[in-house]
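Note sheet for the following structure.
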Amino acid sequence: MGHKRVTGNGEDPRVTELRTAVSRLRRELAGHPADFPDRGIAEEELAALDAMAVSGVPEIPRLRRSLLLIAGAIGSVSALATTLRDVRNAVDLFGEPPRG
């Protein structure tokens with residue numbers, strides 16, 4: 001991507017978007033009544049995404065790995081599909097990881 005815009009508070013707007021989307025999904029997951037086998041994985045990876053966003057310098061490969069784990073853990077829970085898509089869109093704002 002190469003461009004790095006900054007909001008009035010000095011934060012990259014992509015980071016702001018990621019933090020917002022992760023927070024929303026964490027709230028929805030916490031309020032979801034069903035317990036499913038991989039819920040803990042989703043919660044841990046959402047916490048990892050949040051920590052990366054708070055640091056302000058997320059690593060694209062790690063973002064994508066967390067997203068894949070979250071999608072695998074809660075992908076079948078249709079009630080969370082919209083907010084999961086929002087997290088994916090926020091991760092996509094960071095672009096593709098560099099090819100090695």
Please tabulate, for side-chain N and O atoms in residues 28-40, each donor-acceptor pair with protein atoms closer than 3.5 Å (sequence neighbours left out).
{"from": "Glu28", "atom 1": "OE1", "to": "Thr83", "atom 2": "OG1", "distance (Å)": "3.3"}
{"from": "Arg39", "atom 1": "NE", "to": "Glu43", "atom 2": "OE2", "distance (Å)": "3.4"}
{"from": "Arg39", "atom 1": "NH1", "to": "His32", "atom 2": "O", "distance (Å)": "3.2"}
{"from": "Arg39", "atom 1": "NH1", "to": "Ala34", "atom 2": "O", "distance (Å)": "2.4"}
{"from": "Arg39", "atom 1": "NH2", "to": "Leu29", "atom 2": "O", "distance (Å)": "2.2"}
{"from": "Arg39", "atom 1": "NH2", "to": "His32", "atom 2": "O", "distance (Å)": "3.1"}

Discussion item. Just verifying a value: how many Å separate Arg64 CZ and Arg88 CZ, rounded to the nearest 0.5 Å?
Written reply: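 Rounded to the nearest 0.5 Å, the CZ-CZ separation comes out at 9.0 Å.
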
Practice prompt. Could you grab the distance from atom CG of Asp92 to atom CD1 of Ile60, nearest 0.5 Å is fine?
Written response: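 That separation rounds to 10.5 Å.
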
Discussion item. If hydrophobic clusters are built by linking Ile, Leu, Val, Met, Phe, Trp and Tyr wherever their side-chain heavy atoms come under 4.5 Å apart, do Leu93 and Leu68 end up in the same one?
Written reply: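 No: no chain of side-chain contacts under 4.5 Å links Leu93 to Leu68.
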
Discussion item. Tell me whether Leu80 shares a hydrophobic cluster with Leu67, the cluster being built from Ile, Leu, Val, Met, Phe, Trp, Tyr side chains joined at under 4.5 Å.
Written reply: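 Per the 4.5 Å side-chain linkage, Leu80 and Leu67 are co-clustered.
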
Nearest heavy-atom neighbours spanning [X] and [Y]:
{"X": "Ala71", "Y": "Leu84", "result": "CA-CD2, 4.0 Å"}
{"X": "Ala21", "Y": "Val87", "result": "O-CG2, 3.5 Å"}
{"X": "Leu46", "Y": "Val22", "result": "O-CG1, 3.5 Å"}
{"X": "Ala53", "Y": "Val15", "result": "O-CG1, 3.1 Å"}

Practice prompt. Any side chain to side chain donor-acceptor pair (under 3.5 Å) involving residues 65-76? Give me the pairs, sequence neighbours left out, ordered by first then second residue.
Written response: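 Matches after skipping sequence neighbours: Glu45-Ser66, Arg62-Ser66.
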
Worksheet entry | Validation row: Asp50, Ser23 side chains within 4.5 angstrom (heavy atoms) |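 No, side chains not in contact.
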
Discussion item. So, applying side chain to side chain contact (heavy atoms under 4.5 Å, CB included) with Leu18, which one of Val91, Asp86, Val54 is it?
Written reply: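 Testing Leu18 for a side chain to side chain contact (heavy atoms under 4.5 Å, CB included) against Val91, Asp86, Val54 leaves exactly one candidate, Val91.
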
Item to complete: Output, in order, the C-alpha distance, side-chain angles, deciding distance and verdict of side-chain contact (heavy atoms from CB on, under 4.5 Å) for Leu25 and Leu49.
Response: CA-CA 11 Å; Leu25 183 54; Leu49 280 178; over 6 Å; no

